Amino acid sequence: MREWPHDGVRCPTTTCTRPVPAGRVEFFEGTLATTAEIESARVFDTTLRDGEQAPRTSFSYDEKRAIAGTLDDMGTHVIEAGFPVNSDAEFEAVSDIAASTTATTCGLARVVEGDVEAALDSGVEMVHVFASTSDVQIEDSMHATREEVVERSVKSVERVKEAGATAMFSPMDATRTDEEYLVEVVEAVTEAGVDWINIPDTCGVATPTRFGKLVATVREHTDARIDVHTHDDFGMASANALAGFEAGADQAQVSVNGIGERAGNAAYEEVVMTVESVYGVDTGIDTTQIADLARAVEAYSDVPVPANKPVVGDNAFAHESGIHAAGVIENSDTFEPGVMTPEMVGAEREFVLGKHTGTNSVRKRLEESGFAPTDAEVREVTRRVKDYGAEKNRVTAADLKRFAREVGVAREESEVRA
Ligand code: MN
């Protein structure tokens, strides 16, 4: 592996694992240079809270501890460990995570005394209190009035501050909240001393431009730090989180594999890698553990990761088609982002054999398996691979060896001995 930095801002090969320096991103050695729109980015992980609220998902105590341990080890800034008032088991898990991690641990609470006290008792450093601010949720979920929401929110924030914990407040459903009322709530909790205001796109209706404007508006009315929480109902959770950063948010809430309510949250791996690779901002997170973390959360959550999922899907760094595979074999920057490599996330590049395979992949795979094929043999094995793949068969390593034997390809060892 080559040392970084060597001869420029960006390693033109794909063997470097270090991110580009903050403030500058270069694609293809300077043909397109740009200045990053964000200066820093903190990551608040809610895999154990919103992530666990994914339908049909429940983590055991050991699974919660394991996920929190990895997130902590990777350098995640905040771990929302759960909703302490929910049950004794939940309280214990949150409490033990708070005691055993160096990351800031956060506990969720409604603007209800019992919730806030349970969160404080669990020993978390940050209490995340939330209240609905959209009329539809105030009326048909909280069964309260706008005035009561302001009053209870202020009281809860004051209690958290009085207990010496960090207070985060969420005006739930902010993106469907009357803006004038949202500003009123934001100003009230700011006056109560809130440290963080989280802006939740609870039902996933935001677009990047609109969400960025909302974040900028909230910023004008508070000196608290801003955090964003986005949902993927229209597939824009990560884009909206990044728009939040661009508009001045300090932190985004994410979950591993994007699991969470309904279509889920902004994905940890997508947001972290975009910030690192595309914006060129160092989050301080050890990204090389992302693939392992994703696999663990997939197993514990029972939410399968789609093959085409960015960063962590089986196909994220896999190539089958002849032109792409040939290019990537020569230089992986040809048909991969270049600024993100499998090594950076602890994954491996894969050349898949199938209907679209070309001779370069076949030659490479044959040589890796110890064969020394002639050009004609490579062409013949490739024809067999394509025919077999076209019939919807998966072409395995064993199939390839079988084709090689059928075609009579010589083994490399016999050549060496001869
Ligand atoms: Mn949510």
Side-chain angles (χ1 to χ4, degrees), residues 4-5 8-45 74-77 206-209 211-212 215 227-228 230 232 234-258 265-291 293-294 308-313 315-319 324 328 331-347 349:
W4 186 96
V9 172
R10 180 71 217 169
C11 176
T13 72
T14 55
T15 52
C16 286
T17 56
R18 301 279 189 84
V20 295
R24 193 159 183 223
V25 178
E26 286 200 13
F27 294 98
F28 309 127
E29 296 186 272
T31 55
L32 173 63
T34 178
T35 302
E37 296 85 347
I38 58 179
E39 282 169 14
S40 67
R42 288 168 52 94
V43 176
F44 176 118
D45 182 89
M74 291 169 70
T76 310
H77 304 88
T207 65
T209 303
F211 195 60
V215 170
D227 173 277
V228 293
T230 53
D232 214 26
F234 291 95
M236 291 187 286
S238 295
N240 288 333
L242 292 154
F245 280 132
E246 287 195 9
D250 295 293
Q251 185 168 280
Q253 301 197 353
V254 296
S255 66
V256 179
N257 300 340
N265 292 84
Y268 184 106
E269 61 278 6
E270 293 174 11
V271 172
V272 170
M273 290 317 297
T274 306
V275 166
E276 293 267 349
S277 295
V278 182
Y279 287 85
V281 171
D282 184 8
T283 58
I285 288 174
D286 174 11
T287 61
T288 63
Q289 296 189 52
I290 283 179
L293 175 67
N308 63 339
K309 180 92 172 59
V311 187
V312 297
N315 291 354
F317 298 100
H319 308 274
H324 283 230
V328 169
N331 175 353
S332 63
D333 285 6
T334 51
F335 292 104
E336 283 181 9
V339 288
M340 175 171 71
T341 64
E343 292 82 7
M344 287 167 81
V345 299
R349 182 173 294 115

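Worth saying up front: this structure is predicted, and the values here are computed from it rather than measured.
Scanning for side chain to side chain donor-acceptor pair (under 3.5 Å) contacts around N315 gives an empty result, with sequence neighbours left out. The side-chain contact (heavy atoms from CB on, under 4.5 Å) check on A347 picks up A291, F317, P342, V345, with sequence neighbours excluded. The side chain to side chain donor-acceptor pair (under 3.5 Å) test applied to Q251 returns R42, D227, not counting sequence neighbours. Evaluation of the side-chain contact (heavy atoms from CB on, under 4.5 Å) rule for T207 yields R210, M236 as partners, not counting sequence neighbours. The ring-ring contact (aromatic ring centres under 6.0 Å, His included) test applied to F234 returns no partner, not counting sequence neighbours. Here H77 pairs with nothing under the ring-ring contact (aromatic ring centres under 6.0 Å, His included) rule; sequence neighbours left out. Here S238 pairs with E270 under the side chain to side chain donor-acceptor pair (under 3.5 Å) rule; sequence neighbours left out. With sequence neighbours excluded, no residue forms a side chain to side chain donor-acceptor pair (under 3.5 Å) with N240.
Scanning both residues, L242 and T274, for their nearest heavy atoms gives CD1-CG2, 3.5 Å. Of all non-hydrogen atoms in T76 and Y268, the two that sit nearest each other are OG1-OH, 2.8 Å. Across all non-hydrogen atoms, the minimal contact from V256 to A294 is CG1-CA, 3.8 Å. In this structure, G284 and E276 approach most closely via the heavy-atom pair N-OE2, 4.0 Å. Closest approach of V215 to G244, counting heavy atoms only: CG1-O, 4.0 Å.
For the atom pair CD of E269 and CD of Q289, the computed distance is 14.0 Å after rounding to the nearest 0.5 Å. In this structure, CG in D286 is found 11.5 Å from CE in M344, a value given to the nearest 0.5 Å. Taking NE2 of H319 as the start and CZ of F335 as the end, the distance is 10.0 Å to the nearest 0.5 Å. Within the model, atoms CG of N265 and CG of N257 stand 11.5 Å from one another, a figure rounded to the nearest 0.5 Å.
One N or O on the side chain of T334 and one on the backbone of V328 form a donor-acceptor pair closer than 3.5 Å. T283 places no side-chain N or O within donor-acceptor distance of the main-chain N or O of A41, the cut-off being under 3.5 Å.
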>> Could you walk me through whether M340 and V311 satisfy the side-chain contact (heavy atoms from CB on, under 4.5 Å) test, starting with their C-alpha distance in whole Å, then the side-chain angles of each, then the deciding distance to 0.1 Å, before giving a yes or no?
In response: CA-CA 9 Å; M340 175 171 71; V311 187; 4.1 Å; yes

>> Under the criterion side-chain contact (heavy atoms from CB on, under 4.5 Å), I'd like the reasoning laid out for V228 against Q253: C-alpha separation, chi angles, the key distance, then a yes or no.
In response: CA-CA 6 Å; V228 293; Q253 301 197 353; over 6 Å; no

> Would F245 and V275 count as a side-chain contact (heavy atoms from CB on, under 4.5 Å) if you check the C-alpha gap in whole Å, the side-chain angles of each, and the deciding distance to 0.1 Å?
Replying inline: CA-CA 9 Å; F245 280 132; V275 166; 4.0 Å; yes

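Taking the side chain as every heavy atom from C-beta outward, M74 and L293 approach each other to under 4.5 Å.
Residue pairs meeting the salt bridge (charged side-chain N to carboxylate O under 4.0 Å, His left out) criterion with at least one member in residues 237-246: none, sequence neighbours excluded.
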